[in-house]
Amino acid sequence: MTLEKPLSIELRLPSKLGFEKIAMQTAASYATLLGLGLDRVEDLKTAVAEACINAIEHGNHGDEKIIVGVILSMDHERLEVKVLDHGSGIQHAVLPPDIDKKILGEEDPRGMGMFLIQALVDEVEWVSNPPEGSYARLVIYLDREKH
Amino acid sequence: MTLEKPLSIELRLPSKLGFEKIAMQTAASYATLLGLGLDRVEDLKTAVAEACINAIEHGNHGDEKIIVGVILSMDHERLEVKVLDHGSGIQHAVLPPDIDKKILGEEDPRGMGMFLIQALVDEVEWVSNPPEGSYARLVIYLDREKH
Amino acid sequence: MQTETSVKVEQLKTAAEAAVAIIRFHGDITSTSKAVILDAYRALPAGTDKLIFDFTKVDYLNSSGIAILIQLLMEAHKTAQAVHSFGLSAHFQKVFAMVGITKYTHLYPDQAAALTAFS
Amino acid sequence: MQTETSVKVEQLKTAAEAAVAIIRFHGDITSTSKAVILDAYRALPAGTDKLIFDFTKVDYLNSSGIAILIQLLMEAHKTAQAVHSFGLSAHFQKVFAMVGITKYTHLYPDQAAALTAFS
Ligand SMILES: Nc1ncnc2c1ncn2[C@@H]1O[C@H](COP(=O)(O)OP(=O)(O)O)[C@@H](O)[C@H]1O
Ligand SMILES: Nc1ncnc2c1ncn2[C@@H]1O[C@H](COP(=O)(O)OP(=O)(O)O)[C@@H](O)[C@H]1O
């Protein structure tokens with residue numbers, strides 16, 4: 001048993017809403033231990049929570065027996081998070097919410113998760129890899145600040 | 001990929017001191033999500049941290065490439081944590097610290113981890129299972145309080 | 001599971017004695033909070049035209065929770081209610097701005113500022 | 001890795017003008033804190049016979065950290081220094097009692113109480 005990368009950590013969660021809060025705290029304490037500044041830790045928490053919610057709801061269809069995987073790793077330049085599910089992934093682009101349309105009832109009030117992830121991290125990609133599953137890969141650069 | 005038990009979670013950490021803080025926070029947020037009261041969460045945090053420190057230092061001899069596993073599960077009666085390492089386990093009983101001897105220099109000031117674990121949780125066992133490894137299994141009862 | 005939302009509604013007055021309803025959110029604002037929040041909103045006295053959201057005691061807010069807030073702002077918009085907010089962390093002030101809902105609820109540093117702004 | 005310990009030493013006086021040294025711990029108290037803590041202790045002015053430990057700003061304390069505190073209490077015991085402590089959470093007050101070190105450092109609710117108890 002070895003880890004994918006040096007000093008990486010892995011978390012496996014059941015696909016049940018609420019468990020994204022655990023991923024959020026685990027990511028926060030990993031990032032804090034490795035020196036990420038407080039405001040970027042907040043960005044990371046929200047992005048990881050949203051990616052896990054999508055993996056739980058859309059990737060694994062809320063089947064509690066199926067695992068959501070979270071792999072956190074870091075080098076001198078970047079913190080990377082992979083959130084893995086067993087679904088077929090995402091085929092469409094990220095749509096920025098149109099708040100006026102939402103308020104007028106012309107757009108679903110939901111549908112902001114992927115937008116928020118993209119807005120809060122420095123890099124994101126969604127990779128489909130059936131039959132193994134899919135993952136979102138989020139990256140935060142360390143040099144945007146020195147705390 | 002399925003979990004060992006329903007609604008359990010698993011964490012894999014490198015054997016490096018400091019990473020026990022992540023296990024501590026992950027355990028705390030798991031227990032909080034599932035309704036454990038605040039004072040028992042504090043007991044759990046210290047016990048999990050001490051078990052991870054021992055797995056890192058004594059079980060895996062601080063080899064960062066070797067994993068410490070943490071499995072958290074819960075049913076109506078109990079929260080269980082297994083902390084797994086790849087060492088040969090513990091052959092001796094838990095020794096309560098003798099503070100007077102420590103102050104007089106007649107006993108190593110260290111050596112309180114296992115004692116604290118035993119004092120803070122409701123059940124503990126150390127299981128040696130070579131060549132697979134060893135684990136500490138900690139249990140906290142839920143009925144000692146209702147928050 | 002311990003993911004509770006609770007909502008407390010109070011009635012305030014501006015310096016000029018105008019009625020203001022305040023909704024204080026507690027705990028999580030997520031998809032499971034929908035009924036509690038919409039029920040509290042819909043039970044507001046008829047004719048409420050000034051409303052404050054207090055986020056001080058919110059522990060966790062995700063995109064599904066923001067969608068519920070957008071639903072409230074949608075209903076408020078229909079009935080020309082003005083909504084002021086306070087108590088968000090710096091991070092969630094940023095998130096609200098990213099999503100654009102600061103166009104429909106202005107953010108104030110505290111309750112006094114949110115109330116005064118109705119005068 | 002971000003596991004920093006820092007220690008600040010100050011000099012106080014009791015109501016009766018007796019000198020008291022206070023060691024304020026910040027951050028983590030773990031095996032990596034050993035040098036910082038022992039150095040601060042050993043740099044105390046000669047003749048210090050009254051000492052206070054302030055734990056208010058400690059984030060994380062483990063059994064290796066407690067072992068370092070026991071080493072300080074051991075040296076204090078040798079030179080008949082009296083050590084009072086304050087600022088521990090309810091949980092760590094319990095842990096200190098379990099390990100028995102409350103026999104060698106009495107716990108007080110705050111700095112004022114720890115200081116007054118020297119009079
Ligand atoms: N992990 C995933 N697996 C499959 N589909 C996904 C995944 N994440 C997102 N999607 C798809 O992208 C859409 C937009 O996601 P998002 O922006 O997070 O909003 P929401 O989850 O509120 O619909 C989802 O409705 C879903 O169809
Ligand atoms: N996971 C483990 N694997 C092997 N040996 C262990 C493990 N945990 C504890 N031990 C042994 O038990 C001893 C006592 O452990 P502990 O009470 O935690 O104190 P300390 O770690 O400070 O020595 C250790 O010194 C070690 O020899």
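Small disclaimer: the values here were computed from a predicted structure and weren't measured. The sequence lines fix the lettering, A, B, ..., with proteins before strands; numbering per chain opens at 1.
Look at B:D39 and D:K94 and you find no salt bridge, because none of the NZ, NE, NH1 or NH2 atoms lies under 4.0 Å from a carboxylate O.
Using a 4.5 Å cut-off on side-chain heavy atoms (C-beta onward), B:L116 and D:V99 make contact. B:D100 places a side-chain heavy atom less than 4.5 Å from the side chain of D:Y104. Looking only at side-chain heavy atoms (C-beta outward), B:L120 and D:M98 come within less than 4.5 Å of each other. Counting heavy atoms from C-beta on, the side chains of B:E42 and D:S89 never come closer than 4.5 Å. Contact annotation: the side chain of D:T32 never approaches that of B:L17 to less than 4.5 Å [non-hydrogen atoms, C-beta and beyond].
Going from atom NZ of B:K102 over to atom NE2 of D:H77 covers 15.5 Å, rounded to the nearest 0.5 Å. We find the CD1-CZ distance between D:I66 and B:R110 to be 11.5 Å, quoted to the nearest 0.5 Å. Within the model, atoms CD of B:E57 and OG of D:S64 stand 5.5 Å from one another, a figure rounded to the nearest 0.5 Å. A distance of 8.0 Å separates CD1 in D:I101 from CD1 in B:I103, rounded to the nearest 0.5 Å.
Between the side chain of B:E50 and the main chain of D:N62, no donor-acceptor pair closer than 3.5 Å is present.
Interface remark: of the candidates D:I70, D:L61, D:V95, D:I70 forms the most heavy-atom pairs closer than 4.5 Å to chain B.
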